[in-house]
Q: 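Can you read through this structure? Questions will come right after.
Atoms within a ligand are numbered from 1 in the order they appear, just like the ligands themselves. Numbers here simply count residues along the sequence, with the first being 1.
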Amino acid sequence: MTISQRDNAVIWHPYTQMQTALPAVGIVRGEGAHIYDESGKRYIDAIASWWTNIHGHAHPYLSAAIASQSSVLEHLIFAGFTHEPAVKLAEMLVKILPDNQKRVFYSDNGSTAVEVALKMAFQYWQNKGTPRTKVIALSEAYHGDTFGAMSVSGRSAFTQMFESLMFSTAYVGAPIPGQEASALKELKSILAEEANNIAAFIYEPLVQGTAGMRMMNPEGLDALISLCRRHGILCIADEVMTGFGRTGKMFASEYLEQKPDLVCLSKGLTGGMMALGVTTSTAEIYEAFLSENKMKTFFHGHSYTANPIACSAGIASLELFEKEATLQKIARITLLNKTFAEKIKSHKTLSAVRHLGVILALELETTEGNSYFNTIRDEAYAWFLEKGILMRPLGNIIYIMPPYCIQENDLHSVYQAVTEFLDRKKC
Ligand SMILES: *Cc1c(COP(=O)(O)O)cnc(C)c1O
């Protein structure tokens, strides 16, 4: 039996209607921007395996790092004990993050990084003796699938069955081009009502990934952050997707004047090698938890907090940014994307084209409205897979976010296939 057939008997996949889904493709190995299935077919991974991969699959430098770490110290309780990989990765992160970020708290993934930031924000106010109980988020935001992260995400088909169980959040429109003024107005009206009850403002800096690579105007977002800041509201930058070069800079926050108080990282943090999450904070937030009073402690942790193997992958990934001049590779992809975007933007089937850094999104004209369940999605997914390209459209939005090691000819194959798909839709 194939891996795919055996899978069908025992596995329950994420985001998958198991009754109607196509059989899962059994992959046996990956190399660079390619993955190979059990029949030997090669696919270009155009979406970096759910936005995690950075330097390419099975990168020898990363494999060597985790192999060597696993034979020295594989895991360790992280309360009362520490280790070199956790300390070194934290030192490296603090050096490259916005310079007000001073403390690193480890967890396991993007959702937990967000949970930690939210709990830190709520408890910060509690510890200061002026509790605040609500968060402001951007509409259509996505911050993860655990309850806290869902509660601050935009309400959607993914969250509706849990609606009654989530805490309530105040929403402001994202400052996408043309909507900056209305976003600011919405924020002002929320603040006029309940500024003193708002603990935090959470946002995906510049790009709302899951919402369909919706891109914001940096000045518009700066205006929102700066207004929140004037009310003492803690600002949480969810850089889980945008971190580590996706937008052309190491962190999307670098495009902004306003610095975040808390930053959430995961996905590209380990180069796509291991599951790891990080929440960083300012000294001021950290200090609000220092006390003789035990109740001011941040009572949160996970069994695998700061796993040494995962941290060693994070270190190796950051080292590769230097060794392989990764930011230059990103700049090259950015340029190619821009050229392709210019060429394709007047295509009859498209209603919008957006690009920033390695992210390129094409919004297909549709009568069904922009939705994750748009029928174009299943059709495009199967069509690209057949062509040997892993794409996972967000409804009617086709996007690419390749590993930075992708070769120019592969990128051109992807552009070519996209053009063909659009041409097919035209007639
Ligand atoms: C993917 C994502 C998350 C959730 O991360 P997981 O590791 O999947 O839990 C949170 N925020 C953003 C912006 C993301 O893109």
Q: Using heavy atoms and a cut-off under 4.0 Å, could you grab the residues that are in contact with ligand 1, chain by chain, numbers ascending?
A: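 Lining ligand 1: Trp51, Asn109, Gly110, Ser111, Tyr142, His143, Gly144, Glu204, Asp238, Val240, Met241, Lys267.
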Q: Once side chain to side chain contact (heavy atoms under 4.5 Å, CB included) is applied, do any residues pair with Ala310, and if so which ones, sequence neighbours excluded?
A: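 With sequence neighbours excluded, Ala310 shows a side chain to side chain contact (heavy atoms under 4.5 Å, CB included) to Met274, Leu276, Asn307, given in chain and number order.
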Q: Could you list the residues that satisfy side-chain hydrogen bond (donor to acceptor under 3.5 Å, both in side chains) with Asn196, not counting sequence neighbours?
A: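 Per chain and number, Asn196 pairs via side-chain hydrogen bond (donor to acceptor under 3.5 Å, both in side chains) with no residue.
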Q: Could you verify whether a donor N or O on one side chain and an acceptor N or O on the other, from His34 and Asp45, lie under 3.5 Å apart?
A: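 Looking only at side-chain atoms, Asp45 and His34 do not form any donor-acceptor pair under 3.5 Å.
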Q: Are His59 and Glu324 linked by a side-chain donor-acceptor pair shorter than 3.5 Å?
A: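 The answer is yes; a qualifying pair exists.
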Q: Under a 3.5 Å cutoff, is there a donor and acceptor pairing between the side chains of Thr133 and Asn197?
A: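 Thr133 vs Asn197: donor-acceptor pair found between side chains.
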Q: Provide the full list of side-chain hydrogen bond (donor to acceptor under 3.5 Å, both in side chains) pairs with a residue in residues 333-342, sequence neighbours left out, each pair given once.
A: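 The answer is Asn337-Tyr415, Glu342-Lys345.
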